[in-house]
Chemist: 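Below is one structure. I have some questions about it.
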Amino acid sequence: MQAARRSSRICLVFDKDAHMAQSSSPSPFPATEMKKKQKQEYEQEQEPLGSLPEGPLVEILSRVPYRSLCRFKCVSKPWLALCSDPDIHKRSPQTLTGFFYKHMRRFCNLSGRGPPMVDPFLRFLRKSYESAIIEHCCGGLVLCRCRKSRDSDECNLVVCNPATENWIQLPPCPIESPYEVEEYLGFDPAAPSHFVVFVVHLVEFGKVAIYSSGRWTTVQSGWINELVPVGPSKCVFLNGTMHLMTHEPSIFTVDTQGKVWREIDIPGDMPESCAGYSIGQSQGRLYAWFIDDPNVCQLSVWALEDYGSAKWTLKHTDNILELFGNHCRKDDEVYEMFAIHPDRNLTFLTDGKKKTISYDMDNREVHVICTSIQLWNAQPYIPCFGEWLSDGH
């Protein structure tokens, strides 16, 4: 009898626990609903901006810089397809993305981080050429010397667009001589279907060839002084005019038709012992800068306020050693400001060996771009997605 009671109590306890377990276990239907809701939320996250109509979405993305569009591509496949739309690229505002190295197959992003925004090896040219050497970068186009065989002495001038991988081979230059000329590329993104190439003879001074609208024209230089240009790393194409820094130093200018020739004096306070002088363009103005003493390393940045009278205005001065966090210059250190941002008061400097920085002249902030790459002869790159010439590849 007692055994029966104990058995009854055990059964009651078991039944109670089973009932509690059954009542506490979730119903299968809420779990299914939860998974369905999570799937819907995931799909919405994958879709660009949810249910926003395509028209407004395209309008928004067309106002986003190319660098941001590249980051958006990593979100999902729908974002990749949308941000790769050529129409969005054509309309999106473009600004400085990074720097190409002349004669070197390297590209440094403006942030100093991540893989190159464009292919520095220009592999899309490999189908037609065995080697390609970058001579000059202007806006979104790159001028290269290409050889179909490394052993060949024959070179072809090629203008390409790394962003769209379009390119065109120029006809033979009438004063072609690879060791006695300098080539300069002029390109305005506002007129993406047109570019101009200047070839200046360094020995037979006064001989200039200009490529424009599909053909070469040979003209006699209108520059009075026979000064030798420094090279493509120190030139500016602005307002339809090529500006070339010379070794004097001064600035030679010529228009795209070879009709207007001029020489502009560098700011008058530039001492004879100055170093690291160069030119650039920012916010629609021509800029010049120099380091007045290699030991003191005082940087001066000037802007050309009046083009007609060649009036320069001093915009900024600073000590480069302080910007790099140094107290004195070592014998093996050579500082240089190699570029200025086209849209901001932002300059780019390097010590040539250890560090490359950006310096905001407005708030005096310094940002380290890289510490492992020598940015000598670096040329600014701004991507362009405009329509290419009809006879281009």
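For this chain, numbers begin at 1 and follow the sequence in order.
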Chemist: Give the minimum heavy-atom separation between Met337 and Leu349, together with the two atoms involved.
Modeler: CB-CD2, 3.9 Å
Chemist: When you compare the side chain of Cys235 with that of Met242, does any pair of heavy atoms fall below 4.5 Å?
Modeler: yes
Chemist: Hey, are the side chains of Gln298 and Thr317 touching, using non-hydrogen atoms and a 4.5 Å cut-off?
Modeler: yes
Chemist: Check for me whether the distance between the ring centres of Phe99 and Phe107 falls short of 6.0 Å.
Modeler: no
Chemist: Whether the side chain of Asp351 engages the backbone of Lys355 through a donor-acceptor N/O pair (distance < 3.5 Å, no angle test) should be reported.
Modeler: yes
Chemist: So do Val200 and Leu244 actually touch side chain to side chain, heavy atoms under 4.5 Å?
Modeler: yes
Chemist: If you draw the axis of the six-membered ring of Tyr277, does the NZ or CZ of Lys234 fall within 45° of it and under 6.0 Å from the ring centre?
Modeler: yes
Chemist: Measure centre to centre between the rings of His136 and Phe100, then say whether the value is under 6.0 Å.
Modeler: no
Chemist: Mind listing the closest non-hydrogen atom pair of Phe252 and Leu227 along with its distance?
Modeler: CE1-O, 3.5 Å
Chemist: Report the C-alpha distance between Tyr129 and Gln169 in whole Å, list the side-chain angles of each, state the deciding distance to 0.1 Å, and finish with yes or no for side chain to side chain donor-acceptor pair (under 3.5 Å).
Modeler: CA-CA 11 Å; Tyr129 305 98; Gln169 177 180 307; 2.3 Å; yes
Chemist: Are side-chain heavy atoms of Val208 and Thr218 found at a separation under 4.5 Å?
Modeler: no
Chemist: Using the side-chain hydrogen bond (donor to acceptor under 3.5 Å, both in side chains) criterion, which residues pair with Ser233? Sequence neighbours excluded.
Modeler: Asn377
Chemist: Just say parallel, tilted or perpendicular for the rings of Phe324 and Tyr335, cut-offs at 30° and 60°.
Modeler: tilted
Chemist: Same cluster or not: are Leu304 and Val260 linked, directly or through other Ile, Leu, Val, Met, Phe, Trp or Tyr residues, by side-chain heavy atoms under 4.5 angstrom apart?
Modeler: no
Chemist: Can you see which heavy atom on Tyr307 is nearest to which on Thr241, and at what distance?
Modeler: OH-CG2, 4.1 Å
Chemist: So that I can tick it off, tell me whether Asp119 and Arg123 are bridged by a salt bridge, with the cut-off set at under 4.0 angstrom between side-chain N and carboxylate O.
Modeler: yes
Chemist: Using the rule given for salt bridge (charged side-chain N to carboxylate O under 4.0 Å, His left out), can you reason through Asp360 versus Arg344, listing the C-alpha separation, both sets of side-chain angles and the distance that settles it, and then say yes or no?
Modeler: CA-CA 8 Å; Asp360 193 315; Arg344 300 167 51 193; 3.4 Å; yes
Chemist: Suppose we call two aromatic rings close when their centres sit under 6.0 Å apart. Are Trp261 and Trp223 close by that rule?
Modeler: yes
Chemist: Are the side chain of Asn161 and the backbone of Cys384 linked by a donor-acceptor contact shorter than 3.5 Å?
Modeler: yes
Chemist: Could you report the tightest heavy-atom contact between Trp289 and Leu299, atom names first, then the distance?
Modeler: CB-CD1, 4.3 Å
Chemist: Is any side-chain heavy atom of Val197 less than 4.5 Å from a side-chain heavy atom of Leu185?
Modeler: yes
Chemist: Would you mind telling me which of Leu238, Asn345, Val236, Thr347 makes a side chain to side chain contact (heavy atoms under 4.5 Å, CB included) with Tyr287?
Modeler: Asn345
Chemist: I want to check something: taking the side chain as every heavy atom from C-beta on, are Phe348 and Ile357 in contact at a cut-off of under 4.5 Å?
Modeler: no
Chemist: How about CD on Glu154, more than 12 heavy atoms from neighbouring residues, nucleotides or ligands closer than 6.0 Å, or not?
Modeler: no
